[in-house]
Each structure stands twice: as structure tokens, then as C-alpha cells.
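Structure first, commentary second.
Since the model is a prediction, treat every value here as computed from it, not as a measurement. Residue numbers begin at 1 in each chain, while the letters A, B, ... track the order of the sequences.
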Number of protein chains: 2
Amino acid sequence: MSRNKERGMHKVAEILRSAGIRPTAQRIAIAQYVLREADHPTAEDVKAHLDRVFPMVSTATVYNTLNALVEHGLIRAIKFPHADAAIYDQKMHHHYHFLDEPSGRLYDVDPADVQVKPQLGATCEITEVDVLIRGRLIDPGLSGPSTTVSPT
Amino acid sequence: MSRNKERGMHKVAEILRSAGIRPTAQRIAIAQYVLREADHPTAEDVKAHLDRVFPMVSTATVYNTLNALVEHGLIRAIKFPHADAAIYDQKMHHHYHFLDEPSGRLYDVDPADVQVKPQLGATCEITEVDVLIRGRLIDPGLSGPSTTVSPT
DNA sequence: AAGACAATTTAGAATAGTTCTAAAACTTGA
DNA sequence: TCAAGTTTTAGAACTATTCTAAATTGTCTT
Ligand SMILES: [Mn+2]
Ligand SMILES: [Mn+2]
Ligand SMILES: [Zn+2]
Ligand SMILES: [Zn+2]
């Protein structure tokens with residue numbers, strides 16, 4: 001079992017260090033938010049949060065750090081067709097998303113609950129299939145699709 | 001059978017008129033390109049084409065016209081996660097896309113060749129499922145996935 | 001054929017999201 | 001304690017798209 005298989009047990013500074021990112025104060029605050037507190041935040045969301053909990057972080061540092069986290073495999077950047085800004089996803093396992101269109105909120109969907117079987121023949125090789133399910137929650141009081149992937 | 005069921009039989013000016021768009025010279029040139037000649041062009045592609053075939057069309061008119069065509073249901077605007085610019089698609093029927101990552105080219109995929117069956121339970125209602133298949137063509141000399149939807 | 005009025009087109013400014021630049025601040029480790 | 005490298009920062013730059021307001025074009029009435 002690799003050192004960070006159970007990432008939840010480590011302090012964020014440890015996670016950064018063992019991913020090869022020097023844990024500065026700004027980076028720890030940003031990583032703490034995207035890895036532990038936020039749900040599919042945009043860079044703007046991250047900046048807004050940091051403006052509350054950290055004395056002065058620049059937009060450049062927010063983007064630099066998010067890009068570093070992506071490059072070192074700690075989070076993913078995803079762009080959806082309904083919005084211009086990228087969202088950052090701390091769940092690194094393969095999963096899809098459900099968009100509740102009235103609210104704009106995203107929910108994780110377990111790929112086991114979506115059968116995707118392309119039959120494109122032999123002339124192409126598939127590396128990945130992106131799926132975005134759009135619709136609306138019937139009872140927005142509930143937490144999302146019944147198949148929501150629980151946070152790791 | 002509606003007047004434009006067989007759109008290929010009509011002149012582009014006719015199509016515009018019967019969609020409720022006044023067929024100006026600029027609009028005819030733009031519509032001719034996106035409805036008949038181009039394949040998933042961006043606004044920039046359309047502008048570049050018009051700069052060759054039309055004496056001076058502004059970027060604003062390109063966007064205005066593309067937006068009008070979208071609003072009147074003649075084309076669709078689609079955003080994909082791998083690119084910032086929207087592409088415009090003259091195929092209005094339900095279909096998916098295959099992205100050949102080495103070349104960046106998009107190919108249409110018949111939805112009959114992709115099974116997508118979300119089982120999300122009763123708490124949400126699905127209105128649409130977006131699918132983008134990413135991979136690479138084995139023989140880039142061929143025209144795309146064997147299931148490519150032939151142009152209407 | 002004019003004049004009036006509306007519709008269209010245009011150049012350029014504005015906007016949003018993100019990256020770049022180059023200087024300041026901080027860290028490290030002789 | 002200093003030099004060297006690293007990180008952070010403000011603001012400029014960039015891309016895709018929309019907005020603004022003025023010029024042009026088209027239509028209708030006389
Ligand atoms: Mn958000
Ligand atoms: Mn293109
Ligand atoms: Zn997710
Ligand atoms: Zn298409």
C-alpha cells in the first residue's frame with residue numbers, strides 16, 4: 001500500500017511534500033480547501049475562500065497552485081459545456097457527473113451506474129469516454145442522484 | 001412533410017427566410033458555409049472562410065449570424081472540454097462525437113452505436129446525456145469511426 | 001425620387017477566464 | 001550572512017465572445 005493510499009490520514013502539508021510540491025503557507029491553504037473542504041470549486045471559488053482564510057493570496061498563486069496540483073496528480077481540472085470556468089475535482093478515480101440544471105450544481109455519479117458501450121469498430125482506439133448527465137433533481141432537498149459516489 | 005424536411009433541396013436564402021431570418025448577403029455567405037460546406041467549424045473558422053469569399057465581414061456579424069442560426073434552430077453550438085471555442089454543428093439530430101486526439105478532429109457518432117444507460121434512481125430526471133469519446137484513429141487516412149453518421 | 005424609420009453591419013471597447021512577465025519577497029543551506 | 005534559487009505578486013497580455021454606438025443599408029410611404 002502506497003504512502004498516501006489513505007490520504008485522509010495525512011496532513012495536507014504531507015500530501016504536498018510527498019507529491020513533490022513544497023508546502024508553502026499559500027499552497028497548504030489552497031490544497032486544504034480543494035482536497036478536503038470544497039466540492040468541484042472553480043478557481044474563483046478557491047480565491048474567494050482564500051480571501052476569507054488567508055491574508056492576501058494573489059490570483060496568480062491560486063492558478064499556479066491549482067495547476068501544480070493537477071500536474072502532480074492530486075486533483076483534476078475539468079471543463080463542462082455549460083460553463084466557461086474549469087472546475088477542480090479532488091476525486092481522482094474514474095467517475096461521471098450529473099448536472100442539476102436548475103441549480104447548476106454538480107454531483108458525482110458512479111460509473112457502475114452508467115453503462116457506456118461504444119461499438120465504433122476497429123478503425124479507432126478509445127482512450128476515454130466523457131459523460132455528463134443533465135437533468136434536474138426531483139427533490140432538491142436530497143443530496144443528489146441516489147448513486148452519488150461518496151467522497152474518498 | 002414540412003417545407004424544409006429536405007433542406008438540401010432549398011437555396012440557403014430560402015432556408016433563412018423560412019426560419020425567420022432575413023437573408024442578407026453576409027448571412028447567406030455565413031449560412032452557406034456552416035450549413036453546407038464546413039464540418040464543426042469554430043467562429044474563427046467561419047470568419048477565416050468569409051475573409052476569402054466575401055468582401056469584408058466583421059467578427060460581430062459572424063457571431064451575430066451564428067447566434068441567430070442557433071436561436072432559430074438551424075444549427076447547434078457545442079462546447080467541448082478540450083477546446084475553448086464553441087463549434088457549430090449543422091446536424092440537428094441527436095448524435096455524439098469522437099475526438100481524434102492526435103489531430104484534434106471531430107467525427108460524428110451514431111447514438112445507436114453507443115449504449116448509454118444511466119440508472120440513477122428516482123430522485124432525478126434526466127433531460128440529456130452528453131457523450132464525448134476520446135481516442136485516436138488507427139488509420140488516419142480513413143474518414144473516421146466506422147459508425148460515422150453520414151451528413152443529412 | 002425623397003424622406004423617414006427600422007434593420008443590419010461595423011470597429012472598437014468591454015468582459016471573463018486564464019496565462020504571462022518581471023520584479024519583490026521569501027527560503028535554503030553554505 | 002549572504003548568495004542562489006524558489007515563490008509570490010501586481011498587473012499586463014491573451015482568447016473567445018458580447019456589447020456599444022455610430023455608419024450603412026433596406027423598406028415603405030409619399
Ligand atoms: Mn462553483
Ligand atoms: Mn475548427
Ligand atoms: Zn467529480
Ligand atoms: Zn456533429
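Between its opening and closing five pairs, the helix from C/dA1-D/dT30 to C/dA30-D/dT1 changes axis direction by 0°, a value rounded to 10 degrees.
Taking atom CE on A/M56 and atom C1' on D/dG11, their separation rounds to 14 Å, with Å as the unit. One interatomic measurement links the two molecules: CG of B/D84 to P of D/dT18, which rounds to 14 Å at whole-angstrom precision. Separating the CZ atom of B/R17 from the P atom of D/dT27 is a distance of 10 Å, rounded to the nearest angstrom. Going from atom CD1 of B/I28 over to atom C1' of D/dT25 covers 14 Å, rounded to whole Å. Note: NZ (B/K47) to C1' (D/dT17) measures 14 Å, nearest angstrom. One can place CG of A/L16 at 16 Å from C1' of D/dT6, the figure rounded to the nearest angstrom. Rounding to whole angstrom units, CG of residue B/D45 and P of D/dT15 are separated by 16 Å.
Here the NE2-CG distance, from B/H82 to B/L132, works out to 6.5 Å after rounding to the nearest 0.5 Å. Separation of atoms CG (B/L137) and CD (B/E101) is listed at 11.0 Å; rounding is to 0.5 Å. The CD1 atom of B/I87 sits 9.0 Å away from the OG1 atom of B/T42 when rounded to the nearest 0.5 Å. Note that the CE atom of A/M56 and the CG atom of A/L50 stand 12.0 Å from one another [nearest 0.5 Å]. Rounded to the nearest 0.5 angstrom, B/T123 OG1 and A/Y107 OH are separated by 9.5 Å.
Take the nearest nucleotide of DNA chain D for A/I21 and for A/T59: the residue whose nucleotide is more 5' is A/I21.
Around atom CZ of A/R136, no more than 12 heavy atoms belonging to other residues, nucleotides or ligands sit under 6.0 Å away. Sparse packing is recorded around CD of A/E44, with 12 or fewer heavy atoms of other residues, nucleotides or ligands lying under 6.0 Å away.
Residues from residues 63-71 of chain B that place a heavy atom under 4.0 Å from any atom of DNA chain D, listed by number: B/Y63, B/N67.
Using a 4.0 Å cut-off between charged nitrogen and carboxylate oxygen, B/D84 and A/K79 count as a salt-bridge pair.
Under a 3.5 Å cut-off, the side chain of B/R36 and the backbone N or O of B/A31 do not form any donor-acceptor pair. Side-chain atoms of B/R27 come within 3.5 Å of backbone atoms of B/R22 as a donor-acceptor pair (strictly under, hydrogens ignored).
In this model, the phosphate group of D/dT7 is approached by a side-chain N or O of A/R27 to a distance below 4.0 Å at OP1 or OP2. For A/T61 and D/dT9, the shortest distance from a side-chain N or O to OP1 or OP2 is below 4.0 Å. Residue A/Q26 places at least one side-chain N or O under 4.0 Å from the OP1 or OP2 atom of D/dT9.
Among the protein residues, A/A85 comes within range of the sugar-phosphate backbone only, with heavy atoms under 4.0 Å from sugar or phosphate atoms but none that close to a base.
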Test log, rule side-chain hydrogen bond (donor to acceptor under 3.5 Å, both in side chains), inputs B/D108 and B/H40: CA-CA 10 Å; B/D108 291 313; B/H40 303 121; 3.1 Å; yes
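Running 5' to 3' along DNA chain C, contacts with non-hydrogen atoms of chain B at under 4.0 Å begin and end at C/dA7 to C/dA11.
Residues A/T61 and A/N64 have side chains that never bring a donor and an acceptor to within less than 3.5 angstrom of each other.
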